[in-house]
Engineer: 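Quick one: this structure, given as structure tokens, is what I'll be asking you about.
Please read these numbers as outputs of a predicted model, since none were measured by experiment. Letters go in sequence order (proteins before strands), and every chain restarts at 1. Side chains are part of it too, since the values below use all heavy atoms of this structure and drop only hydrogens, waters and symmetry mates.
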2 protein chains.
Amino acid sequence: MNDHSTTYTSTEYRTPDGAPTDIVVFTITSTEKAGAKKSLPIRALEVMLIKRKQWPFEGKWALPGGFTKETETVRQCAERELMEETGVSGVHLDYFNVYSAPGRDPRGWMISHAFFALVQEAYVASRRTSDEAADVRLIPVEEALEMDLAFDHGTILSDALDKIRQHMMTTTIAREFLPERFTMSELYQVIQTVVPSFQERNFIRKITSTQSRRGIIEEVRNAEGQPLMSNQYSQRPAQLYRFTDYTPELSIYG
Amino acid sequence: MNDHSTTYTSTEYRTPDGAPTDIVVFTITSTEKAGAKKSLPIRALEVMLIKRKQWPFEGKWALPGGFTKETETVRQCAERELMEETGVSGVHLDYFNVYSAPGRDPRGWMISHAFFALVQEAYVASRRTSDEAADVRLIPVEEALEMDLAFDHGTILSDALDKIRQHMMTTTIAREFLPERFTMSELYQVIQTVVPSFQERNFIRKITSTQSRRGIIEEVRNAEGQPLMSNQYSQRPAQLYRFTDYTPELSIYG
DNA sequence: TGAATAGTGTCTATCAGACACTATAGG
DNA sequence: CCTATAGTGTCTGATAGACACTATTCA
């Protein structure tokens, strides 16, 4: 419905006005329960948003991100912008989609590359504001989904959430939200925080004593071969586990 | 190592010289065995390549693709270029990665968006050459991987192959290579053609009589409820099946 | 001893994996 | 009756899902 009348010479093409990246930074915050002394914390999935200081969408909340430079890949751009805007670095960063609908950015023709990052709460404690942002804040995802975000960031956030839910069930990205050593309850809580519908009554047993899943996680032992335990969240000490570097291959056919 | 000395004003940024798409078109070709009269065909996974007529990489084989216009999404661009360059339309098209390494395209700063397409052999029978391509051809993937393709298309092809192998095992994309109604042998052959390591000795039984997998495929029956059979590939007629619109959710945790 | 979490015993129906076996129809 | 593919019988050990039960430690 447009410029088929123009001559077909490649040098006459209009070129994009920029190749931005947007990063959906997820973290799981832990809050101790009020009453009990030793109990599992309340966990919540939150996303990092920045309040814009400039046109366009001045005053609206947006995902961190920025423009790719000629000398870097879009991944390097995402890493750099994440560091510049939120002070977060060295984290798990996954590319998941491109957003190219005409008119999605009032500044011009912008094709944006979206990443999600999974970071531990401690990593974002030292976050800071930058030139471009009036405020950086962690917002519970359910709340963020209801907000009227800048650009098409509502769609991007929603897509990112779908992706990490799928990855949470099919890969070992849960490790990104956990310390090196963790208990089964912690793992179970993390999975449930990201995927609320997840429920396994015999979770511990399935992970530890099922041959086909043996290998994704292993018990942590000390030099003498004694199992290492933690009583951080419970009276009775719980076995500590760690992820191995093995990820099982899934199949719908068997 | 670069332009940190320049002033930090957004209007001074260099902008990309284009946002191309590249499409990895996979098809499975079937060849009848010479000797036998009724037997399963030999199937091969092939990829569509175009011989370039222009600088850069003139004379080299490349993936079909082209430049995104201001008025379309990258997906629409991929659909359009696929139609223009190969005559293929209305097929399964999945976005899988972005390629943005500086210097990947001698024409300038090009951030390319890669799709894979799954098409039936019949769809590509009517393929044609275009202005830009001297030749369009299906090449067996193993052969194509050995070739010195234009740009970083070797990497893109390799990545695409990884992706469809993973999708073949975890989604029902096998349907894109099959007719509406198919036999278990055909399905098994298609899976094996894409993922040679796949092997299930009790394949039929697992698909049809396992509760947890019941639902991805169903028997085809006629109006009277009689099972529909095919003896296209065998003396003994085989039950015909079709995919349902159900895709199971996989999990490494149970 | 109660609270809070960790973990086991045990039962049944189902499933995986292996292998031998029967079934169908054309030539 | 041979061949090529389709499909079943049957065995063992492993697993899923349910629920009741025991274990550990601190306050």
Engineer: Between B:Pro237 and A:Ala238, which has a closest nucleotide on DNA chain C that is more 5'?
Structural biologist: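 That would be A:Ala238.
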Engineer: By nearest atom, which of the nucleotides C:dA18, D:dT5, C:dA16 is closest to the B:Leu40 side chain?
Structural biologist: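 Closest of the options to the side chain of B:Leu40: D:dT5.
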Engineer: Specify the separation, in whole Å, of atom CE of B:Met184 and atom P of C:dA23.
Structural biologist: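 Distance check: B:Met184 CE to C:dA23 P gives 22 Å.
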Engineer: Would you please name every residue forming a ring pair (Phe, Tyr, Trp, His ring centres under 6.0 Å) with A:Tyr241, sequence neighbours left out?
Structural biologist: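 None.
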Engineer: D:dG7, C:dG17, D:dA16: which one has an atom nearest the side-chain heavy atoms of B:Lys206?
Structural biologist: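 Among D:dG7, C:dG17, D:dA16, the one nearest the side chain of B:Lys206 is C:dG17.
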Engineer: Using whole Å, report how far CD1 of A:Ile252 lies from P of C:dA16.
Structural biologist: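 Checked: the CD1 to P distance equals 14 Å.
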Engineer: Counting heavy atoms from C-beta on, name the nucleotide in C:dT5, C:dA3, C:dA23 closest to the side chain of A:Ser234.
Structural biologist: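 Ranking C:dT5, C:dA3, C:dA23 by closest atom to the A:Ser234 side chain puts C:dT5 first.
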Engineer: Let me know, please, whether A:Asn231 or B:Arg236 comes out on the 5' side of the other along DNA chain D by nearest nucleotide.
Structural biologist: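 Nearest nucleotide further toward 5': that of B:Arg236.
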Engineer: Send over the distance from B:Leu187 CG to D:dA6 P, rounded to a whole Å.
Structural biologist: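 In whole Å, D:dA6 P and B:Leu187 CG are 12 Å from each other.
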Engineer: Residues of residues 194-202 of chain B with any non-hydrogen atom less than 4.0 angstrom from an atom of DNA chain C: list those, numerically ordered, please.
Structural biologist: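 Going residue by residue through residues 194-202 of chain B, the ones with a heavy atom under 4.0 Å of DNA chain C turn out to be B:Glu200, B:Arg201, B:Asn202.
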Engineer: Specify the separation, in whole Å, of atom CD1 of A:Ile207 and atom P of C:dT8.
Structural biologist: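 Result: 14 Å.
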Engineer: Roughly, in whole Å, what's the span from CD1 in B:Ile204 to P in D:dT5?
Structural biologist: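 Result: 13 Å.
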Engineer: Measure the distance from CZ on B:Phe203 to P on D:dA6 and round it to the nearest whole Å.
Structural biologist: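 Roughly 12 Å, once rounded to whole Å.
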Engineer: Would you say B:Arg75 has more than 12 foreign heavy atoms packed within less than 6.0 Å of its CZ?
Structural biologist: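 Yes - once you tally the heavy atoms of other residues, nucleotides and ligands closer than 6.0 Å, there are more than 12.
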Engineer: Could you check whether the rings of A:His113 and A:Tyr95 sit parallel, tilted or perpendicular, using 30° and 60° as the cut-offs?
Structural biologist: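 Ring orientation of A:His113 relative to A:Tyr95: tilted.
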Engineer: Which donor-acceptor pairs under 3.5 Å do the side chains of residues 215-226 of chain A make with protein atoms, sequence neighbours left out?
Structural biologist:
| residue | atom | partner | partner atom | Å |
| --- | --- | --- | --- | --- |
| A:Glu218 | OE2 | A:Arg242 | NH1 | 2.9 |
| A:Glu219 | OE1 | A:Arg221 | NH2 | 2.8 |
| A:Arg221 | NH1 | A:Gly225 | O | 2.8 |
| A:Asn222 | OD1 | A:Glu224 | N | 3.0 |
| A:Asn222 | OD1 | A:Gly225 | N | 3.1 |
| A:Asn222 | OD1 | A:Gln226 | N | 2.8 |

Engineer: Can you tell me whether the side chain of B:Arg205 and the base of C:dT14 have a donor-acceptor pair closer than 3.5 Å?
Structural biologist: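 No pair found.
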Engineer: May I have all residue pairs that pass salt bridge (charged side-chain N to carboxylate O under 4.0 Å, His left out) and include part of residues 155-171 of chain A, sequence neighbours excluded?
Structural biologist: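 Listed by first then second residue: A:Glu142-A:Arg165.
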Engineer: Please list, chain by chain and in numerical order, all residues satisfying ring pair (Phe, Tyr, Trp, His ring centres under 6.0 Å) with A:Phe243, sequence neighbours excluded.
Structural biologist: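 Partners of A:Phe243 under the ring pair (Phe, Tyr, Trp, His ring centres under 6.0 Å) test: A:Phe182.
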Engineer: With B:Glu146, which residues qualify under salt bridge (charged side-chain N to carboxylate O under 4.0 Å, His left out), at least two apart?
Structural biologist: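 B:Glu146 satisfies salt bridge (charged side-chain N to carboxylate O under 4.0 Å, His left out) with no residue once adjacent residues are dropped.
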Engineer: Could you check how far CD of A:Gln189 sits from C1' of C:dT5, rounded to whole Å?
Structural biologist: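 A:Gln189 atom CD is separated from C:dT5 atom C1' by 11 Å.
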Engineer: Quick one: B:Gln232 CD to D:dA4 C1', roughly how many Å, whole number?
Structural biologist: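 Taking atom C1' of D:dA4 as the reference, CD of B:Gln232 is at 15 Å.
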